[in-house]
Amino acid sequence: MKRLAYELKTDEALRIGLIVLQADERIELDFRRLIPAEAELFVSRVPSGLDVTPETLQEMDQHLPRAAALLPQVRPYAAVGYGCTSGAAQIGPSQVAAQVRTGVAANAVSEPVSALVAACAELGLKRLAFLSPYVENVSDRLRDVLAGQGTETPVFGTFAEAEEARVARITPDSIKAAALELVREGGVDGVFLSCTNLDTLDIIAPLQRETGLTVLSSNLVLAWHLCRLAGVNMAEIPASETLLAGGAAVTAAE
């Protein structure tokens, strides 16, 4: 046997980690469109129930360290995201961050709740029309957490679905029609399409044009926030371009 020489790469790309629910079929597809192509995206999965209830969401807390530990551990991540909006509200953003950091070295941790609050602060949004796919007791927890952070959701609608497999198959046209129905109630300055498993990305720009409001989704705000926390130039990432399409000024300022 002949031993052959090799060299090791010295320049490595920015690295973003993402912890995805076992039942989620959407977020990875969206993230590959929302983060810069030159960023390295690494994904792990966390066990999640087939039905979404406060109990199944809370159960993910104990699995987060192991899921985070399954990410490649060669060097610290610029940012790691937990991809569950309702789960982040149920477990609590600070607890999510602590559990993720138990399993992996990360310079920053985010989830859709903290990402949405940061986006609303950046865009000056105070009152959102809130569309959820889930049963009301799941959505109520999320709305309470957002209210505690200064983001009100006075207009609320839900598809009242508990089964994740069905949530992933709700058509974009159904989501758009529901969002428009909520906006017609008035009294809001933005729209939030909640849930990382909803197929929303291609209807955001049309909704923004039709309503004249900024439209945000779980995957959009999480990708934007992770890139921001990782120090990416915000003018160069697709997530910022989508936010800008609503006429909102998104900058990289902390």
Side-chain angles (χ1 to χ4, degrees), residues 9-21 24 26-45 64 67-68 70-85 88 93-94 96-98 100-101 103-125 149 151 190 192-196 198 200-202 204-205 208 214-254:
K9 294 184 291 184
T10 56
D11 296 327
E12 297 197 61
L14 178 145
R15 183 170 286 209
I16 292 175
L18 183 64
I19 299 171
V20 178
L21 271 60
D24 197 306
R26 172 51 46 184
I27 190 171
E28 290 158 288
L29 303 175
D30 286 355
F31 256 60
R32 297 188 188 281
R33 296 170 59 185
L34 288 170
I35 69 171
E38 61 271 19
E40 295 180 341
L41 177 65
F42 293 87
V43 179
S44 182
R45 293 258 171 181
L64 279 173
L70 290 174
L71 290 165
Q73 302 276 334
V74 176
R75 58 191 174 92
Y77 287 79
V80 173
Y82 165 56
C84 184
T85 318
S94 61
V96 167
V100 169
R101 285 194 165 101
V104 68
N107 296 333
V109 177
S110 187
E111 21 60 40
V113 174
S114 296
L116 176 61
V117 170
C120 286
E122 189 73 26
L123 304 170
L125 303 177
Q149 297 293 319
T151 302
F192 179 54
L193 310 175
S194 180
C195 180
T196 61
L198 275 182
T200 64
L201 200 53
D202 290 325
I204 289 175
Q208 290 180 147
T214 298
V215 179
L216 305 174
S217 72
S218 292
N219 293 345
L220 174 61
V221 296
L222 182 57
W224 170 81
H225 199 220
L226 288 173
C227 287
R228 175 179 175 173
L229 292 172
V232 177
N233 183 338
M234 301 308 292
E236 298 178 357
I237 67 169
S240 275
E241 293 173 7
T242 303
L243 284 162
L244 282 166
V250 181
T251 72
E254 290 294 336

Discussion item. Is there a side chain to side chain contact (heavy atoms under 4.5 Å, CB included) between T214 and Q208? Walk through the geometry before answering.
Written reply: CA-CA 6 Å; T214 298; Q208 290 180 147; 4.1 Å; yes

Practice prompt. Step by step, work out the side chain to side chain contact (heavy atoms under 4.5 Å, CB included) result for N219 and L201.
Written response: CA-CA 8 Å; N219 293 345; L201 200 53; over 6 Å; no

Item to complete: Give the C-alpha distance, both sets of side-chain angles, the deciding distance and a yes or no for side chain to side chain contact (heavy atoms under 4.5 Å, CB included) between I35 and L226.
Response: CA-CA 9 Å; I35 69 171; L226 288 173; over 6 Å; no

Worksheet entry | Euclidean distance, C84 SG relative to I27 CD1, rounded to 0.5 Å | 9.0 Å

Discussion item. Minimum heavy-atom separation for V100 and A68, please, with both atom names.
Written reply: O-CB, 3.5 Å

Discussion item. With rounding to the nearest 0.5 angstrom, report the CD1 to CG distance, I16 to N107.
Written reply: 11.5 Å

Practice prompt. List in chain and number order the residues that pass side chain to side chain donor-acceptor pair (under 3.5 Å) with D202, two or more places apart in sequence or in another chain; answer none if no residue qualifies.
Written response: R33

Worksheet item: Under the ring-ring contact (aromatic ring centres under 6.0 Å, His included) test, which residues partner Y82, sequence neighbours left out?
Response: none

Discussion item. L70: which residues meet the side-chain contact (heavy atoms from CB on, under 4.5 Å) condition with it, sequence neighbours left out?
Written reply: S44, R66

Worksheet, complete the sentence: Applying side-chain contact (heavy atoms from CB on, under 4.5 Å) to A230 and not counting sequence neighbours gives L14, A78, A79, V232

Worksheet item: Can you check side chain to side chain contact (heavy atoms under 4.5 Å, CB included) on F31 and V43, steps first, answer last?
Response: CA-CA 10 Å; F31 256 60; V43 179; over 6 Å; no

Fill in: Closest non-hydrogen atom pair between E111 and P93, with its separation
OE2-CB, 3.3 Å

Worksheet item: Looking at Q149 and V117, what are the two nearest heavy atoms and their distance?
Response: CB-CG2, 3.7 Å

Worksheet item: Where do F192 and S217 come nearest, in terms of heavy atoms and distance?
Response: CE1-C, 3.6 Å

Fill in: Pairs meeting criterion side chain to side chain donor-acceptor pair (under 3.5 Å) with involvement of residues 71-80, two or more places apart
E12-R75

Worksheet item: Would you say R15 and P72 make side-chain contact, with heavy atoms under 4.5 Å?
Response: yes

Discussion item. Which residue in the set T85, D30, T200 passes side chain to side chain donor-acceptor pair (under 3.5 Å) when paired with S218?
Written reply: T85

Discussion item. Test of understanding: with side-chain contact (heavy atoms from CB on, under 4.5 Å), list the residues that count as partners of R45, not counting sequence neighbours.
Written reply: V20, D24, E28

Fill in: Smallest separation among heavy atoms of L216 and V221, with atom names
CB-CG1, 3.9 Å

Discussion item. Using every non-hydrogen atom in the two residues, find where A106 and R101 come nearest and quote the distance to one decimal.
Written reply: O-NE, 3.3 Å

Discussion item. Distance check, rounded to the nearest 0.5 Å: T151 atom OG1 versus L125 atom CG?
Written reply: 8.0 Å

Discussion item. Distance check, rounded to the nearest 0.5 Å: L71 atom CG versus L18 atom CG?
Written reply: 8.5 Å

